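First comes the structure, then the notes that go with it.
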Amino acid sequence: MIDINGKVAFLTGAAEGLGREIARELVAGGMRVAMVDVQGEKLTALAEELRADGADVLPLVVDLADPVAAADAVELALAHYGTPRVLIHNAAVLKEVSMLDVTFEDWRREVDIILGAAYALTKTVWPHMVQARDGSIVFLSSGSALFGFVKETAYTPGKHAQEGLMKVLALEGKEHNIAVNTTSTGRPIDTPMSDSHYTEEMRIGIVPPSRLAPAFAFLAGIDADFATGQRFNAYQLSEAIRVTRG
Ligand SMILES: NC(=O)c1ccc[n+]([C@@H]2O[C@H](COP(=O)([O-])OP(=O)(O)OC[C@H]3O[C@@H](n4cnc5c(N)ncnc54)[C@H](O)[C@@H]3O)[C@@H](O)[C@H]2O)c1
């Protein structure tokens with residue numbers, strides 16, 4: 001385990017939902033954080049909140065559906081902070097559309113945010129982590145990475161493929177001491193994404209996203225020798241950390 005205090009994190013989807021809580025947790029652990037999101041106003045508000053508490057954060061307004069823009073954002077963050085200890089790709093969109101109604105453009109956009117950005121962000125940061133012989137990469141997974149759900153024409157295949165990318169990168173990263181893992185949420189979380197998709201039944205056991213955040217500070221400090229190629233459960237890991245902290 002590596003002490004994350006003073007180290008650098010690159011985080012996507014930071015403006016709201018789970019990403020915002022991950023940003024707060026990483027900053028609380030002393031990390032400097034490059035925060036990427038397409039929602040400029042909310043991202044700026046978060047950056048102002050965190051800076052008011054003395055944090056060193058870099059907000060980057062980027063549409064991750066564009067792989068060139070995603071790579072450019074990483075280059076900016078690299079120029080500003082240097083090689084990150086952790087890359088967390090948390091951003092995603094979920095649109096429920098049947099095969100009859102989906103357009104290729106909409107399908108492609110969703111897959112590009114989930115999978116294309118996972119590739120573009122990792123591809124840009126990878127040689128720097130290889131050179132440093134150090135790093136942790138985390139992709140946000142979902143039950144949709146294991147099962148199919150009605151009308152998740154793009155989200156389910158995107159999340160499945162992201163798991164596949166993680167497994168391949170974990171094999172390649174081992175000799176470079178780069179840990180590559182995914183996390184399921186483990187519980188439904190109360191976020192804008194859930195607000196627009198969850199039925200009352202699906203909200204059973206729902207928890208605030210802050211309950212999952214400790215897992216990400218923990219994963220920011222692991223190396224490949226500790227765990228790679230794994231699918232962590234963010235809720236369970238966070239609860240275990242909370243119990244251990246007392
Ligand atoms: N909400 C749940 O219960 C749940 C369950 C399983 C998995 N997940 C996963 O957890 C992660 C976080 O989910 P959430 O519920 O916080 O989602 P959310 O929709 O509440 O937040 C997602 C964030 O990603 C950003 N984003 C979306 N498209 C973007 C783009 N093109 N470029 C840059 N940023 C973009 C949004 O602006 C937002 O800040 C996602 O990967 C999601 O698939 C969530």
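Since the structure is predicted, the reported quantities are computational estimates derived from the model, not experimental observations. We're numbering straight along the sequence, starting at 1. Both ligands and their constituent atoms are indexed starting at 1 by order of listing.
Atom 10 (O) of ligand 1 has L140 CD1, 3.7 Å as its closest protein atom, hydrogens excluded (heavy atom only). Closest to atom 32 (N) of ligand 1 among all protein heavy atoms lies L64 N, 2.9 Å. What sits closest to atom 15 (O) of ligand 1 on the protein, heavy atoms only, is T191 OG1, 2.5 Å. Distance from atom 26 (N) of ligand 1 to its nearest protein heavy atom, with residue and atom name: A91 CB, 4.0 Å. The shortest contact between atom 37 (O) of ligand 1 and any protein heavy atom is with D37 OD1, 2.6 Å. For atom 19 (O) of ligand 1, the closest non-hydrogen atom of the protein is M193 CB, 3.3 Å. Looking only at heavy atoms of the protein, atom 43 (O) of ligand 1 is closest to Y155 OH, 2.4 Å. Residue, atom and distance of the protein heavy atom nearest to atom 1 (N) of ligand 1 are S194 OG, 2.9 Å.
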Determine whether I137 and L169 satisfy the following criterion, side-chain contact (heavy atoms from CB on, under 4.5 Å), listing intermediate values before the conclusion.
CA-CA 9 Å; I137 295 175; L169 293 174; 5.6 Å; no
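Interface of R109 with ligand 1, defined as ligand atoms under 4.0 Å from a residue heavy atom, comprises 31 (N). Interface of Y198 with ligand 1, defined as ligand atoms under 4.0 Å from a residue heavy atom, comprises 2 (C), 3 (O), 4 (C), 5 (C). The ligand atoms of ligand 1 that sit less than 4.0 angstrom from a heavy atom of G17 are 16 (O), 20 (O). Here is the list of ligand 1 atoms found below 4.0 Å of a heavy atom in Q39: 36 (C), 37 (O), 38 (C), 39 (O). Which parts of ligand 1 touch V62 is read off a 4.0 Å heavy-atom cut-off, strictly below it: atoms 32 (N), 33 (C).
Comparing A92, A65, G13 against atom 27 (C) of ligand 1, the shortest heavy-atom distance belongs to A92. Ranked by closest heavy atom to atom 41 (O) of ligand 1, the top entry among L18, L46, D66, N90 is N90. Here atom 31 (N) of ligand 1 lies nearest to D63 when heavy atoms of V38, D63, D195 are compared.
Proximity of K159 to ligand 1, defined as any heavy-atom pair under 4.0 Å, is confined to the side chain (atoms from C-beta onward). Heavy atoms of T185 found under 4.0 angstrom from ligand 1 belong exclusively to the side chain. In S144, neither the side chain nor the backbone holds a heavy atom less than 4.0 Å from any atom of ligand 1. For T12, no heavy-atom contact with ligand 1 is shorter than 4.0 Å. At a heavy-atom cutoff of 4.0 Å, ligand 1 is contacted by the side chain of I113 but not by its backbone.
For the atom pair OG (S136) and CG (L219), the distance works out to 6.0 Å, reported to the nearest 0.5 Å. Interatomic distance, OG1 of T191 versus NE2 of H197, reported as 9.0 Å (0.5 Å rounding).
Here E48 does not pair with R51 in a salt bridge; the nearest charged N to carboxylate O distance is not below 4.0 Å. In this structure, R211 pairs ionically with E239, as a charged nitrogen and a carboxylate oxygen lie closer than 4.0 Å. Taking a cutoff of 4.0 Å between a charged side-chain nitrogen and a carboxylate oxygen, D63 and R109 qualify as a salt bridge.
Residues L11 and F216 have side chains not in contact (no heavy-atom distance under 4.5 Å, counting atoms from C-beta outward). Put simply, the side chain of P84 reaches to within 4.5 Å of the side chain of M129, judged on heavy atoms.
The shortest separation from a heavy atom of H89 to ligand 1 is not under 4.0 Å, leaving the residue out of contact. Between V93 and ligand 1 there is a heavy-atom distance shorter than 4.0 Å. Put simply, part of S141 is less than 4.0 Å from ligand 1, judged by heavy atoms. The shell of residues lying under 4.0 angstrom from ligand 1, judged by heavy atoms, excludes P209.
The number of heavy atoms from other shown groups lying within 6.0 Å of CZ (F149) is above 12. Counting heavy atoms of neighbouring residues, nucleotides and ligands inside a 6.0 Å radius, atom CZ of R108 does not exceed 12 of them. When the shell of 6.0 Å around CE of M99 is examined, it contains 12 or fewer heavy atoms from other residues, nucleotides or ligands. A 6.0 Å sphere centred on CG of D195 holds more than 12 heavy atoms belonging to other residues, nucleotides or ligands.
The main-chain N or O of H160 is never found under 3.5 Å from a side-chain atom of Q162 such that the two would form a donor-acceptor pair.
Connection of F139 to L18 is not established within any shared hydrophobic cluster, with ILVMFWY side chains joined at heavy-atom distances below 4.5 Å, either directly or through further cluster members.
Not a single N or O atom of P188, backbone or side chain, sits closer than 3.5 Å to an N or O atom of ligand 1.
L87 pairs in a side-chain contact (heavy atoms from CB on, under 4.5 Å) with only one of the listed residues (V125, V180, V138, I178), which is V125.
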